[in-house]
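Reviewing the structure listed below.
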2 protein chains.
Amino acid sequence: MSGPSTHARLLRLLRDRGPQSRAELGDLVELSRTRIGAELDRLTELGLIEEAGLAESRGGRRPAVVRINSGLRFAGVNVGATSVDVAVTDGELHVLEHIAEEIDVREGPDHVLGRVTYLIGKLRDQGHLPQLHGLGIGLPGPVSFRDGVPYAPPIMPGWDQFPVRDNLTRELGCPVLVDNDVNVMALGEQHVGVARTSEDFLFVKIGTGVGCGIVVNGEVYRGANGSAGDIGHIQVEEDGPACGCGNLGCLEALFSGAALARAALAVASSGESPFLAVRLQERGILAATDVADALAAGDPVAGRLVREGGRRVGLVLAGLVSFFNPDLIVIGGGVARIGHVLLAEIRSAVYRRSLPLATNNLPLVVSELGETSGVIGAARMISDLVYR
Amino acid sequence: MSGPSTHARLLRLLRDRGPQSRAELGDLVELSRTRIGAELDRLTELGLIEEAGLAESRGGRRPAVVRINSGLRFAGVNVGATSVDVAVTDGELHVLEHIAEEIDVREGPDHVLGRVTYLIGKLRDQGHLPQLHGLGIGLPGPVSFRDGVPYAPPIMPGWDQFPVRDNLTRELGCPVLVDNDVNVMALGEQHVGVARTSEDFLFVKIGTGVGCGIVVNGEVYRGANGSAGDIGHIQVEEDGPACGCGNLGCLEALFSGAALARAALAVASSGESPFLAVRLQERGILAATDVADALAAGDPVAGRLVREGGRRVGLVLAGLVSFFNPDLIVIGGGVARIGHVLLAEIRSAVYRRSLPLATNNLPLVVSELGETSGVIGAARMISDLVYR
DNA sequence: ACACTTTTGTCCAAGACCGACAGAAGTTAC
DNA sequence: GTAACTTCTGTCGGTCTTGGACAAAAGTGT
């Protein structure tokens with residue numbers, strides 16, 4: 001209930017604002033310098049911070065700067081449907097290494113997590129990784145944050161109830177936190193992306209599926225069962241297409257990476273879109289990126305698909321804006337890379353359908369971080385635990 | 001950011017759990033009894049608490065009980081479209097007086113607030129009101145909570161930007177807080193209603209309009225501009241009827257007290273519903289309550305109207321459940337009094353359309369407090385400020 | 001009458017915290 | 001080059017907070 005301790009506040013300040021002198025810390029924290037000095041001694045003792053030499057004089061004695069111990073390392077992992085991103089950061093969350101690997105999440109937790117620990121082990125052997133102080137990992141499905149365990153994830157067969165956190169903790173010997181991918185991506189946007197100054201915002205991921213990370217009062221909101229933000233199965237069309245979840249007309253069935261690929265196949269086969277028909281002939285298969293390419297090439301049918309989809313996402317978001325009144329919406333995920341045609345359509349639907357009061361000064365932007373937001377967010381999540 | 005002070009925690013404990021001995025408080029608060037004793041002395045000094053004699057022995061010395069000063073009085077006010085409720089409570093938020101008065105909110109703030117202060121003055125003159133320590137008031141429209149000022153309220157012409165809080169503070173000489181009516185009703189449900197053990201829940205008010213109070217981590221969530229919970233204008237039908245807000249197919253245009261009255265008039269005039277036709281003949285006008293009566297009398301058309309409406313509310317709530325994952329939904333407001341036919345339809349739509357994970361153990365109930373929730377919530381709101 | 005329990009107030013020591021002070025290490029004015 | 005001034009850091013002593021121990025008060029049960 002109580003706010004962060006002095007301990008935690010100093011560490012997070014040093015993490016987020018970089019090295020600081022004792023005097024600067026005194027201005028930033030409303031405590032006496034004496035108290036701060038004592039706390040810094042304790043943190044040095046613990047090996048969490050270190051001296052970082054002297055800064056330039058500002059007209060008097062040169063300030064002695066302290067910083068997060070430069071030997072600290074966090075790992076941020078983001079698991080997607082078809083890929084894994086592993087990043088290693090220093091204690092200030094700067095990315096030192098970033099490895100992306102193609103992998104099918106359906107191969108199961110043993111294989112995927114094995115790759116993760118292998119990649120981290122490789123970095124360690126290269127000497128880049130003195131010691132890991134914590135690992136955060138985001139998974140593309142519902143996760144019980146408290147237990148660190150996936151919970152009936154639709155696109156991750158074999159992962160249900162697998163003790164991801166405990167396994168990784170045992171394997172790596174450091175604290176581990178597991179969360180939904182949209183939550184860690186939202187955290188990433190808050191840490192280094194467009195959401196740096198936001199208190200209440202939404203991170204909407206349009207990838208293979210559609211999900212949403214919710215930040216309330218600067219903290220990830222997970223809901224009563226940890227399933228908050230699962231907007232992919234909100235109904236947008238009464239008698240729309242069947243969805244994997246068993247219902248009709250879900251957003252995800254109408255617009256998502258998977259839905260877009262299906263629609264592309266349909267318009268390619270029917271000949272409506274010559275561009276996509278050629279693509280299908282060449283590759284034998286179509287993905288959402290092919291629709292993006294068709295759009296860029298001026299294909300009118302691709303434009304229609306994207307605009308229709310954007311309108312549907314916009315309709316759902318309009319409702320959420322009225323309900324939640326965020327100060328920002330960030331759109332991310334693979335499909336978001338389609339760019340401004342999609343964004344314009346979403347914007348138009350949201351602004352048309354939400355109350356003026358709620359859309360006043362509501363920026364609606366595409367994430368600029370891409371995959372980075374996930375790994376940084378995951379590292380940020382575990383650093384919050386370590387700097388506590 | 002920091003949690004509630006010891007000061008506040010003791011006061012709220014005494015408010016919510018009634019008189020307690022020092023030893024009991026020691027068990028409830030994780031602080032030494034010494035510390036608690038010192039704090040209690042200070043609170044006695046301030047006149048906020050008082051000794052309340054000795055309780056029964058439990059095998060040893062009889063405990064000396066302290067309680068909230070019995071002279072403390074809070075006022076809770078809830079303004080509806082056509083009525084005002086004023087309650088006076090003691091410091092433990094027990095309602096001592098409750099006056100309801102028919103009033104048209106469109107007569108403007110001077111008149112309505114004048115009646116409020118008049119009613120409170122009358123109670124004071126009767127000697128029931130030693131001194132007012134704070135007043136909370138809920139208004140049926142958007143309110144800037146920070147400024148205590150209504151913000152472009154659709155059904156309260158003349159109230160826009162009227163300095164409600166400052167006016168009442170000047171008039172009554174005590175702290176005043178102003179909020180949206182759904183927010184204070186949600187607080188009331190949390191304090192004495194079904195939501196007592198809920199951390200994240202929704203209070204959905206279906207009255208003249210439709211609105212929603214959101215509680216996150218036990219506290220009212222107001223959003224970036226204070227307009228969170230405005231779900232009346234979420235679209236449920238693409239080409240539905242026109243709404244006062246300028247859009248088509250808003251929930252409020254399809255189902256609300258006002259919409260139900262309109263629909264009743266239509267089916268009465270067309271002769272579809274003989275029951276309502278008779279009622280119209282008798283009274284010359286129809287309200288939502290007439291539909292409830294028709295339903296109770298077994299009128300099939302009224303049943304259709306209620307079920308259709310319930311389905312639409314349920315559809316919107318289904319989306320919000322997926323997004324927000326509450327641990328409880330409370331339905332309140334005048335139209336909610338229609339009862340189980342409406343509730344059954346809402347439930348069915350929500351359970352059918354939301355993810356199983358989110359609806360697991362999700363109670364969806366009608367408020368049992370009625371108008372009381374508003375006034376108690378308003379008093380609770382201001383008491384949180386005073387016990388701070 | 002006696003042993004035991006529960007509750008309360010008091011006392012004391014440990015620790016948190018702040019302001020003041022002084023010294024260290026610069027810069028600027030002359 | 002020196003004196004005066006600035007900025008920064010460490011230390012010291014005093015005040016306030018806090019919790020544990022203790023003892024007294026006020027009961028119950030045998």
Side-chain angles (χ1 to χ4, degrees), chain A residues 1-14 17-70 387-388, chain B residues 1-14 17-70 387-388:
Chain A
M1 206 70 200
S2 189
S5 62
T6 308
H7 185 101
R9 294 185 57 197
L10 288 173
L11 284 169
R12 292 178 191 178
L13 223 47
L14 289 171
R17 308 176 71 125
Q20 306 273 326
S21 74
R22 288 162 170 78
E24 283 170 308
L25 289 173
D27 295 340
L28 258 34
V29 181
E30 78 317 337
L31 282 169
S32 72
R33 240 188 355 82
T34 312
R35 172 92 185 77
I36 292 172
E39 199 70 40
L40 291 180
D41 287 349
R42 211 170 312 176
L43 291 173
T44 309
E45 200 86 12
L46 286 168
L48 288 171
I49 64 170
E50 63 185 12
E51 297 292 331
L54 302 177
E56 284 309 293
S57 163
R58 294 195 308 177
R61 175 174 169 172
R62 297 175 64 187
V65 174
V66 293
R67 65 165 170 235
I68 299 283
N69 190 318
S70 56
Y387 299 158
R388 150 203 76 170
Chain B
M1 205 64 203
S2 188
S5 61
T6 309
H7 185 100
R9 294 186 57 197
L10 289 173
L11 285 168
R12 293 179 192 179
L13 224 46
L14 290 170
R17 308 175 72 124
Q20 305 273 327
S21 75
R22 287 163 170 75
E24 283 171 308
L25 290 173
D27 294 341
L28 259 33
V29 181
E30 78 316 337
L31 283 170
S32 74
R33 239 187 357 77
T34 314
R35 172 93 185 77
I36 292 174
E39 199 71 40
L40 290 180
D41 288 347
R42 210 170 313 176
L43 290 173
T44 310
E45 198 86 12
L46 286 169
L48 288 172
I49 65 171
E50 63 186 12
E51 296 292 331
L54 302 177
E56 284 309 293
S57 163
R58 293 194 310 180
R61 173 172 171 174
R62 297 176 62 188
V65 174
V66 293
R67 66 165 169 236
I68 298 283
N69 191 319
S70 56
Y387 301 157
R388 151 204 73 168

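The chains referred to below are lettered A, B, ... by the order of the sequence lines, with proteins before strands, and numbering in each begins at 1.
Every residue two or more places apart in sequence or in another chain that forms a side-chain hydrogen bond (donor to acceptor under 3.5 Å, both in side chains) with A:E39 is listed here: A:R35. When the side-chain hydrogen bond (donor to acceptor under 3.5 Å, both in side chains) test is applied to A:E45, no partner is found at least two apart in sequence or on another chain. Checked against side chain to side chain contact (heavy atoms under 4.5 Å, CB included), B:S5 has the following partners two or more places apart in sequence or in another chain: B:H7, B:A8. For A:R67, the side chain to side chain contact (heavy atoms under 4.5 Å, CB included) partners two or more places apart in sequence, or in a different chain, are A:P19, A:E50, A:A52, A:S70, A:E92. Take B:R62 and apply the side-chain hydrogen bond (donor to acceptor under 3.5 Å, both in side chains) test, not counting sequence neighbours, and it matches no residue. Take A:R12 and apply the salt bridge (charged side-chain N to carboxylate O under 4.0 Å, His left out) test, not counting sequence neighbours, and it matches A:D384. In this structure, A:A38 has no side chain to side chain contact (heavy atoms under 4.5 Å, CB included) partners at least two apart in sequence or on a different chain. In this view, B:T6 satisfies the side-chain hydrogen bond (donor to acceptor under 3.5 Å, both in side chains) rule with no residue, not counting sequence neighbours.
As a whole-Å value, the separation of A:R22 CZ from C:dA25 C1' is 15 Å. In this structure, A:L25 atom CG and D:dT9 atom C1' are separated by 13 Å, rounded to whole Å. For the pair A:I36 CD1 and C:dA16 P, the interatomic distance rounds to 15 Å; values are reported in whole Å.
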Expected rows: protein N/O vs nucleotides 16-20 of chain D N/O, under 3.5 Å:
residue	atom	partner	partner atom	Å
D:dT18	OP2	B:R35	NE	2.1
D:dT18	OP2	B:R35	NH1	3.3
D:dT18	OP2	B:R35	NH2	2.9
D:dT18	O5'	B:R35	NE	3.4
D:dG19	OP2	B:S32	N	3.0
D:dG19	OP2	B:S32	OG	3.0
D:dG20	O6	B:T34	OG1	2.9

Check: residues 54-61 of chain A side-chain donor-acceptor pairs under 3.5 Å, at least two apart:
residue	atom	partner	partner atom	Å
A:S57	OG	A:G59	N	3.0
A:S57	OG	A:G60	N	3.1
A:S57	OG	A:G60	O	2.7

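Residue contacts for A:G37: at a heavy-atom cut-off of 4.0 Å it reaches no nucleic acid atom on any strand shown.
Within residues 60-69 of chain A, the residues having any heavy atom closer than 4.0 Å to DNA chain C are, in order of number, A:G60, A:R61, A:R62. Near DNA chain C, defined here as any heavy-atom distance below 4.0 Å, the residues from residues 43-58 of chain A are A:S57, listed numerically.
Residues B:I49 and B:T44 meet the side-chain proximity criterion, which asks for heavy atoms closer than 4.5 Å.
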